[in-house]
Amino acid sequence: MTEFMTKQDYKNYFKTTIEDAGKEREPLAAYLNEQLDKLEQLTAKISQETFWAIFPEILGVDAKLALLVELLLFDDFTNKEIIQMIENDYKSYFKELCGYDLKTKTKPSMVFTII
């Protein structure tokens, strides 16, 4: 398991993963950069007053990045299809990761509140 000790470690992991996927996946670098820029904006605005509004968005970006890395492994999907799947499925990513199916009601947790 990769552990991130800094924001730069986190960003480098995703950038390196995209680079290692090869030239055919280069168009996904723009999507990655959009998400990293959004993450940068969100983390810059977080404070005690804004935490509850911003944290679900941060979780959303994290889910999108995790899905991006997972979907890169499938050669059957085009770059456009990968982005479409990410945008459709990111809100349920943590729910499924925790073993819930889409119909199951989750336990109360910030992890399941994603924007």
Side-chain angles (χ1 to χ4, degrees):
M1 179 175 96
T2 302
E3 292 185 21
F4 305 110
M5 300 307 288
T6 68
K7 176 174 58 173
Q8 198 58 48
D9 290 344
Y10 181 83
K11 292 166 73 172
N12 287 342
Y13 169 75
F14 292 103
K15 287 181 178 186
T16 301
T17 302
I18 290 288
E19 290 169 6
D20 291 348
K23 285 204 173 276
E24 65 277 357
R25 295 300 191 191
E26 278 182 5
L28 293 175
Y31 179 78
L32 171 65
N33 288 329
E34 282 176 32
Q35 298 308 313
L36 292 175
D37 288 346
K38 183 176 181 179
L39 186 62
E40 194 70 38
Q41 293 166 8
L42 290 168
T43 57
K45 294 189 303 187
I46 204 159
S47 70
Q48 191 171 1
E49 292 79 27
T50 62
F51 175 83
W52 293 100
I54 293 176
F55 190 65
E57 290 186 67
I58 292 172
L59 287 174
V61 172
D62 185 53
K64 288 178 183 182
L65 296 178
L67 279 167
L68 177 60
V69 168
E70 287 185 26
L71 292 171
L72 280 175
L73 302 174
F74 297 95
D75 293 330
D76 300 350
F77 301 127
T78 66
N79 296 325
K80 184 178 178 180
E81 289 171 327
I82 288 174
I83 292 170
Q84 287 173 337
M85 284 186 275
I86 292 168
E87 291 298 320
N88 287 333
D89 297 342
Y90 77 95
K91 289 183 180 180
S92 63
Y93 177 74
F94 291 118
K95 184 176 184 176
E96 293 181 68
L97 193 63
C98 291
Y100 292 100
D101 64 37
L102 295 177
K103 295 177 186 176
T104 305
K105 186 170 172 72
T106 60
K107 306 274 185 208
S109 174
M110 290 186 290
V111 175
F112 302 125
T113 305
I114 297 177
I115 298 174

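Numbering starts at 1 and runs along the sequence shown. On a predicted model such as this, the values are computed, not experimentally measured, just so you know.
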Inset, instruction - For the pair F14 and Y10, name the ring-plane relationship: parallel under 30°, tilted 30 to 60°, perpendicular over 60°. - result: perpendicular

First locate atom [atom1] of [X], then atom [atom2] of [Y], and finally report the distance between them rounded to the nearest 0.5 Å.
| X | Y | atom1 | atom2 | answer |
| --- | --- | --- | --- | --- |
| L28 | I86 | CG | CD1 | 7.0 Å |
| L32 | Q35 | CG | CD | 8.0 Å |
| K15 | I18 | NZ | CD1 | 11.5 Å |
| N79 | L72 | CG | CG | 8.5 Å |
| L39 | K64 | CG | NZ | 11.5 Å |

Where [X] and [Y] come nearest, the two heavy atoms and their spacing:
| X | Y | answer |
| --- | --- | --- |
| E81 | D76 | OE1-O, 3.8 Å |
| I54 | L42 | CG2-O, 3.6 Å |
| T50 | K45 | OG1-O, 2.9 Å |
| I114 | G60 | CG2-CA, 3.3 Å |
| L36 | K11 | CD2-CG, 3.9 Å |

Inset, instruction - Determine, stepwise, if the pair E70 / Y93 fulfils side-chain contact (heavy atoms from CB on, under 4.5 Å). - result: CA-CA 11 Å; E70 287 185 26; Y93 177 74; 2.6 Å; yes

For [Y], is there any backbone N or O sitting under 3.5 Å from a side-chain donor or acceptor partner on [X]?
| X | Y | result |
| --- | --- | --- |
| N33 | A29 | yes |
| T6 | D9 | yes |
| T43 | E40 | yes |

Inset, instruction - May I have the step-by-step check of side-chain contact (heavy atoms from CB on, under 4.5 Å) for D62 and F94, ending in yes or no? - result: CA-CA 10 Å; D62 185 53; F94 291 118; 3.4 Å; yes

Legend entry - Worked verdict on R25 versus I82 for side-chain contact (heavy atoms from CB on, under 4.5 Å): CA-CA 10 Å; R25 295 300 191 191; I82 288 174; 3.3 Å; yes

Inset, instruction - Report yes if some heavy atom in the side chain of F77 is under 4.5 Å from a heavy atom in the side chain of Q84; otherwise report no. - result: no

Legend entry - Side chains of T17 and L68 in contact at under 4.5 Å (non-hydrogen atoms): no

Legend entry - hydrophobic_cluster_shared for M5 and Y13, side chain cutoff 4.5 Å: no

Inset, instruction - Group every Ile, Leu, Val, Met, Phe, Trp and Tyr by side-chain heavy-atom contacts under 4.5 Å, then state whether L65 and F74 land in the same group. - result: yes

